[in-house]
Protein chains: 2
Amino acid sequence: MTTLPLSSRETARRRLLDALRREGPLARVEIGQHLGMSPASVSELTASLLDEGILVTEETSDPTGGLIRGRPKTRLFFAESLGSVIGVWTGFNRIELRLVDSAGRNRASRHVERPLRNLGSEELMDVLAQCISAFAEESGAHNVRAVGLACQGYVDTRDGIVAWSPVLGARDLPLASGLRERLGQPVLMENDASAMAFAIAQRNADLRSGRTACLMVGDGVGLGFLIQGELYRGARFGGSEFGHVRLRRSGPQCRCGGRGCIEAYLADYALHRDAQLIDHRPAPTLLLPGEEAMEAIVAQARAGDPALLNLFQAAGEVLGDAVGILIQTLEPDHIVICGPGTRAMDLLRPSFEAALEAQTIPELRALATIQVVESSIDLLTEGVVMQALRELDLDLARLKAA
Amino acid sequence: MTTLPLSSRETARRRLLDALRREGPLARVEIGQHLGMSPASVSELTASLLDEGILVTEETSDPTGGLIRGRPKTRLFFAESLGSVIGVWTGFNRIELRLVDSAGRNRASRHVERPLRNLGSEELMDVLAQCISAFAEESGAHNVRAVGLACQGYVDTRDGIVAWSPVLGARDLPLASGLRERLGQPVLMENDASAMAFAIAQRNADLRSGRTACLMVGDGVGLGFLIQGELYRGARFGGSEFGHVRLRRSGPQCRCGGRGCIEAYLADYALHRDAQLIDHRPAPTLLLPGEEAMEAIVAQARAGDPALLNLFQAAGEVLGDAVGILIQTLEPDHIVICGPGTRAMDLLRPSFEAALEAQTIPELRALATIQVVESSIDLLTEGVVMQALRELDLDLARLKAA
DNA sequence: TTTGTTTTATTCATCCTGTGAATAAATTAC
DNA sequence: GTAATTTATTCACAGGATGAATAAAACAAA
């Protein structure tokens, strides 16, 4: 992840390519309208992008059937020849993979069940590299240009280092360089909640204006924070570990070693573990339960199981407190609650809303819109792949400039 | 407060004038070194600033006494003729005023004891306007160009509206326009913690790089958050109401009407109130105690009063939790604890550090430097005045451009 | 005094970008 | 075939940043 300030040319270029990835093929006039650029500027920019072989003109088979007068649009889009990018997410005991072309269109995806916890760092990198190359091979990926990797924990996105992760058990793990050596590809890293936030904002223009706090609930709990559509970067160019804010002094145990973290109430592993405890099952594991197991718990709660209802009630309360803290601290314009955890939003909502109300000042609460976006892990690899693609766009531009 | 994106020219101009206000008179070469600009650009920029009458060349009385060879520097600085700006802070029962020239140098200051709580909005504006004009007159202010006003609460800095304030009891109060009508001057508004954060960052270059979270403890508790030296703006261009994050569900009463807010433990009024309660004094007020009263409480605690020590212990714990939340949410590069409340830092520190440690992940905690900056309310009016001056700089540039 | 040295400041030609206006191109409508 | 319409390019120009050359203002030394 480059962190140099972008020149105005680079910004324009990025905006243009972002718009194409979002909207699909566009004619030059349309690009101008989308971005508020003059036709002359668009012509100039696209000329060099065409020249560099990044874009190609589309063979227009005249889809309007001659209903529109005037010179027909020639739409521009990404050249197929540019190759592809692999996006990876390392979950608790699962690896999610996706292959996209340079336009960001899905080409293949799969997931692998494989616990990554407590592997040594060399072994971890071996396993990951092996999964990625196997996936590349089986999906017939040709000309892979980069790998984007999202994982839980605090990620130094500039250097591709996992500064801290509860899942990988890692401290300052130089994952990007380790995988680069093994795969021979540039590897770009991102925190997983950041990746999902980015993907969601790509689908909703509102979320790309102002400040958007995107709380992902699922495997863990993470926050992706966007300012004018770009990911917020903290120290060492990482995101946020909001999921490990400890709201309850003597709350349940968290994967991070602490107690009472937001995650320790809301994450799938936490709900699953606590549900097992209710049933007096032995030795609750910290492994990620499958979607079926979670659905079963939710169904049982919806059926009226009082102990489970209590669980969701407590989780909703924590969610309300969490969103309340975000509102009072950052005053975002938009708040998004997303991730697999939204499957139980109906169960969470009453206590969520009560806690949010108790936690926040009404006048400030009114400044933010809150929306729930159902989103699966797919969106996560989509986000990291998008970020990787933009990074490659930039590299190409700088390559040509030099 | 203008919120339009700045043109590159405007950015350069702002950086130049900021540097002059911080560093004092500078020669053109020195400006170039400070800002990493070419001599040609500096010459060009300063030429128009001199032309507009914003800067003047300094009459160099050759202070080096001829020890240095070569053409002597001609230093540039702000023209005296440009007039002055008044900075105001409205506290709980006190108004702080300051007059500065266009270079930001202090010309006069005073404070007025005057409770502002529970005044009607018209009356409030009358009182404020009257205080300000009396101050302008008595300090011999000539050619006042603007008033900068900092207050507690959520301030819409673009339109100068107090969206919410526990002190002024206001909801959507258009204070800036009301005062402008009464004073005939443009009035620029800012949240008080934001103003102090800005002032502190002007004095320490480190804090102007990366992300700085500046927690002001005093009359209330506020957060000023800086990204690359510029104030973070949330929805409606306000700052943060971090002081009203409710950390303890059944904690003490806060001025905002809630319970267990950070402020309800740490603010002067809270400590004073709780100290009175210990002594079984009747009817604890919410008025701001004077500095002497606070010093007395601190002295009594330092002398070993166990009940007071408990009070500071609880406050320190809340401070640690608060800083912990900031670290895990925003991963700032720098954290500053400032304001009059730092007077008791020795009493707060043990429980502060323990709570911080319990609240945060060591690897993440290590990413931020934490420093305590002793700072009085003076810095606050300094900050708001600085912001007002930069806004005027911008207006002047846009005036000339039109 | 004169000439050279040193440092500061300006000027100038140039590059880069972005834009409005004019022009060209490609199509439909009549 | 001509007019109308829409899309795309070209061109001249403006604004801003910069390196290089030049000018300016001092001191140092012969």
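Being a predicted model, the structure only gives us computed values, none of them experimental. Throughout, protein chains are lettered first and strands after them, A, B, ... in sequence-line order, and every chain is numbered starting at 1.
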*Asks:* Test B:Arg9 against B:Ser48 for side chain to side chain donor-acceptor pair (under 3.5 Å), laying out the working first.
*Replies:* CA-CA 11 Å; B:Arg9 180 63 173 248; B:Ser48 44; 3.3 Å; yes
*Asks:* Which pair of non-hydrogen atoms, one from A:Val100 and one from A:Asn106, has the smallest distance, and what is that distance?
*Replies:* CG1-CA, 4.1 Å
*Asks:* Which pairs, protein N/O on one side and nucleotides 2-5 of chain C N/O on the other, fall under 3.5 Å?
*Replies:*
none

*Asks:* What heavy-atom pair brings B:Gly148 and B:Ala388 nearest, and what distance separates the two atoms?
*Replies:* CA-CB, 4.2 Å
*Asks:* In residues 13-47 of chain B, which residues come under 4.0 Å of DNA chain C by heavy atom?
*Replies:* B:Ala27, B:Arg28, B:Val29, B:Pro39, B:Ala40, B:Ser43
*Asks:* Tell me the closest heavy-atom pair linking A:Leu207 and A:Thr212, and the distance in Å.
*Replies:* O-OG1, 2.8 Å
*Asks:* Which pair of heavy atoms, one from B:Ala195 and one from B:Leu380, lies closest together, and at what distance?
*Replies:* CB-O, 3.6 Å
*Asks:* Any ion pair linking A:Arg398 and A:Glu10 (charged N to carboxylate O, less than 4.0 Å)?
*Replies:* yes
*Asks:* Show your working on side chain to side chain donor-acceptor pair (under 3.5 Å) between B:Thr11 and B:Ser8 and close with a plain yes or no.
*Replies:* CA-CA 5 Å; B:Thr11 308; B:Ser8 66; over 6 Å; no
*Asks:* Checking A:Phe198 now: which residues fulfil ring-ring contact (aromatic ring centres under 6.0 Å, His included) with it, not counting sequence neighbours?
*Replies:* none
*Asks:* Does C:dT8 have its OP1 or OP2 closer than 4.0 Å to a side-chain nitrogen or oxygen of B:Thr74?
*Replies:* no
*Asks:* Is there a donor N/O on one and an acceptor N/O on the other, under 3.5 Å, for the side chain of B:Arg71 and the base of C:dT7?
*Replies:* no
*Asks:* Take the protein atom CZ of B:Arg9 and the nucleotide atom C1' of C:dT17, then report the distance between them rounded to whole Å.
*Replies:* 16 Å
